[in-house]
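Before any comments, here is the structure.
All values below were derived from every heavy atom in this structure, side-chain atoms included, with hydrogens, water molecules and symmetry-related copies excluded.
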Amino acid sequence: MIKTDVLIIGGGPSGLATAIHLANLLNENKLQKRILLIEKGRSIGSHILSGAVVKPEIFKKLLKDKDFQQIPFDTQVTTDKTVFLGKKGKIKLPFHLPYMRNKGNFVASLASVCRYLASVAEEKGVEIYSGFSVNEILYQNNEIIGAKTMDTGVDHNGNPMENFQAGTRIYADLVVFAEGTRATLTKELIRKFQLDKDCNEQMYSLGCKELWTVPEGRIQAGTVYHTMGYPLSTKEFGGGFLYGLKDNKVALGLVVGLDYQDPTFDVHHVFQIWKTHPFIQKIIQGGKLLEYGAKTLPEGGYYALPKLTVNHALIVGDAAGFLAMPALKGIHLAMYSGMLAAETMCNALQKNDFSDKTLSAYQTTVKNSRIYKELYPVRNVRQAFADGLIAGGIQFAFQFISGGTGLRGRIYPESDSKRTKKPNEYKGKTFYERFKNQLDFDKVITFDKVTDVYYSGTRHDEHQVSHLKINNMNVFEEINIKQYGAPCQYFCPAEGYEIHTDKNGKQELRIHVENCLHCKTCDIKSVGEAITWMLPNGDNGPDYQYM
Ligand SMILES: Cc1cc2nc3c(=O)[nH]c(=O)nc-3n(C[C@H](O)[C@H](O)[C@H](O)COP(=O)(O)OP(=O)(O)OC[C@H]3O[C@@H](n4cnc5c(N)ncnc54)[C@H](O)[C@@H]3O)c2cc1C
């Protein structure tokens with residue numbers, strides 16, 4: 001058992017900014033309090049994947065000048081272009097799309113930046129423990145009193161083995177949920193306290209990313225390309241990114257909205273096809289894949305934000321959904337929300353009052369902050385694109401000139417899991433029909449999922465309860481497999497779900513938990529939300545280095 005004043009769950013930019021800012025404020029107010037931050041990745045950064053083009057201003061607010069100078073940003077943006085791809089050709093747009101201007105920003109590995117922020121936090125006395133999954137919220141009389149790390153040393157049925165170790169109960173006056181996208185405990189918290197009452201459904205995208213080293217001279221460090229068009233059709237929302245990094249490295253990826261309807265659509269595969277476009281291939285040809293990973297992004301925006309506080313707890317970053325989709329940026333908002341939460345927490349700690357009434361000052365400061373100013377004008381953008389690129393584009397234009405209201409006012413989207421159609425109801429060519437001659441992966445430019453997974457460094461203990469849980473196997477077989485053709489075998493970017501057909505034609509689901517990249521797509525996209533992504537043992541999962 002551990003007692004702390006503040007427990008922060010998650011060591012991404014939101015959790016680390018919360019910790020640093022709170023430590024600073026407590027120091028200024030001469031208050032001695034214990035801040036504990038727990039991260040499930042092997043080390044800070046292991047589970048961090050982003051683009052990333054980073055806005056630096058928030059780092060200037062958070063850090064002293066000398067610390068700011070040492071942030072391991074890769075390179076300042078020098079060239080910033082949006083490129084429209086046709087099947088073979090391309091047009092570099094002579095203007096910036098709204099919200100996509102990156103002058104003054106930095107390209108970076110967010111994993112590296114987080115490692116640096118963790119070192120700053122530790123210098124300020126924050127205790128950071130990585131390699132532990134926090135998988136239970138502790139309640140007393142319906143109020144949060146802390147959280148517990150996962151029991152380890154259990155077999156696949158959950159029975160204790162010889163090396164059983166009970167998780168640690170951590171009691172805290174304040175718990176900060178900084179778990180990132182489709183956050184597991186936050187999801188429970190939101191449901192229990194109905195924090196999303198009157199909210200829109202959250203909408204997500206899935207981003208697949210690779211890091212390459214390429215021959216000298218292919219791309220300058222600091223070059224930022226965003227692509228639209230091929231291989232996505234007007235029915236899918238998304239685009240590619242390609243960022244030049246120093247030492248001839250390139251970060252490249254494709255982000256696609258999970259509200260697509262084709263049950264056979266496969267984001268990983270379409271990312272591989274995107275790399276074969278002459279514009280991309282010319283840059284990476286002769287290079288070498290270094291890393292692969294995937295992660296979802298919450299894109300529902302302002303109307304999908306839940307209530308941010310309950311007694312003793314606050315939600316920050318992607319866990320709440322602070323992401324400005326039109327700019328593909330969440331890092332600065334995640335950090336900003338953490339800093340505003342820290343200000344409210346400092347006040348609560350001074351008053352020794354952890355009630356929702358006191359903590360809800362955080363909700364008010366968010367409303368009066370830049371976060372609101374960034375999210376409110378684009379509150380209907382992502383939802384409009386559920387109607388396809390053309391209808392969405394027209395609505396976006398009207399929203400842009402009307403301050404966000406557009407033609408329809410508030411748009412209520414369906415959840416991503418409800419958008420998938422049955423194969424016989426889906427109108428249009430299936431994924432396979434569109435790309436059938438392009439799905440041979442040459443392991444030079446294009447990689448199959450299993451090979452790519454190797455480049456994520458992912459690893460999971462063999463002995464533990466499967467963290468990919470089919471909520472009801474009979475229902476899953478009937479609906480997800482028989483009626484929908486098992487979309488999980490396509491949407492998972494790590495081949496976590498395989499449909500095995502025996503010689504009598506009987507289909508069986510095989511789950512490869514060991515491949516899991518913790519992207520949470522299955523929790524979001526399975527029809528009827530039939531799969532629950534649960535936390536595996538700490539220290540398990542990907543081991544991202546420069547993602
Ligand atoms: C492909 C892609 C490209 C992007 N590009 C950009 C970009 O260019 N610019 C930009 O500004 N933003 C970008 N974003 C968004 C940005 O990365 C996120 O908004 C940001 O990382 C959110 O920070 P966070 O701290 O809230 O969550 P995260 O960065 O996800 O961090 C959460 C951390 O919590 C840990 N955790 C979760 N649950 C638990 C638990 N129960 N116990 C212990 N630890 C836990 C996780 O392992 C993780 O380390 C991109 C995102 C993606 C996926």
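With ring centers used as reference points, Tyr225 lies under 6.0 Å from Phe279. You'll find the ring centres of Phe73 and Phe106 inside the 6.0 Å limit. For Phe441 and His269, the distance between ring centers is under 6.0 angstrom. Ring pair Tyr546/Tyr544: centre-to-centre distance not below 6.0 Å. Taking the six-membered ring for Trp and the full ring otherwise, the centers of His226 and Phe84 sit at least 6.0 Å from each other.
Shown here are the side chain to side chain contact (heavy atoms under 4.5 Å, CB included) partners of His96, two or more places apart in sequence or in another chain: Asp80, Arg101. Listed by chain and number, the residues in a side chain to side chain contact (heavy atoms under 4.5 Å, CB included) with Thr458 are Val453, Ser456, His460, Leu517, Pro542 (sequence neighbours excluded). Shown here are the side chain to side chain contact (heavy atoms under 4.5 Å, CB included) partners of Thr184, two or more places apart in sequence or in another chain: Glu179, Lys520, Trp533, Leu535.
One side chain, Thr296 or Thr181, offers a donor N or O that lies under 3.5 Å from an acceptor on the other. Inspection of the Gln220 and Thr223 side chains reveals no N or O donor paired with an N or O acceptor under 3.5 Å. Defined by atom type and a distance below 3.5 Å, a donor-acceptor pair is missing between the side-chain atoms of His500 and Gln507. With hydrogens and angles left out, the side-chain atoms of Ser402 and Thr405 include no donor and acceptor closer than 3.5 Å. Donor-acceptor pairing under 3.5 Å is recorded for the side chains of Glu210 and Trp212. Glu374 and His332 share a side-chain donor-acceptor pair at under 3.5 Å. Between the side chains of Lys275 and Thr446, no donor-acceptor pair of N or O atoms lies under 3.5 Å. Asn200 and Arg410 are linked by a side-chain donor-acceptor pair at a separation below 3.5 angstrom, with hydrogens and angles left out of the test.
Judged by the 6.0 Å and 45° rule, Lys525 forms no cation-pi pair with Phe265. Figure legend: Arg382 and Phe385 shown without cation-pi pairing, the cationic atom not lying both under 6.0 angstrom from the six-membered ring centre and within 45 degrees of its axis.
A donor-acceptor pair under 3.5 Å links the side-chain atoms of Asn471 to the main chain of Glu529, judged by distance alone. Judged by distance alone, the side chain of Asp262 and the main-chain N or O of Thr430 form no donor-acceptor pair under 3.5 Å. A donor-acceptor pair under 3.5 Å is formed between the side chain of Asn380 and the backbone N or O of Ile411. Asn102 places no side-chain N or O within 3.5 Å of a backbone atom of Asn105 that could act as its donor or acceptor partner.
Residues Leu49 and Met547 share a closest heavy-atom pair of CD1-CE, 3.8 Å.
With contacts defined as side-chain heavy-atom distances shorter than 4.5 Å, the pair Cys516/Leu468 qualifies.
A side chain to side chain donor-acceptor pair (under 3.5 Å) with Gln272 is found for one member of Asp266, Asp448, Asp452 and no other, namely Asp452.
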List the steps, then state whether side chain to side chain donor-acceptor pair (under 3.5 Å) holds for His277 with Lys90. CA-CA 9 Å; His277 187 281; Lys90 61 156 198 320; over 6 Å; no
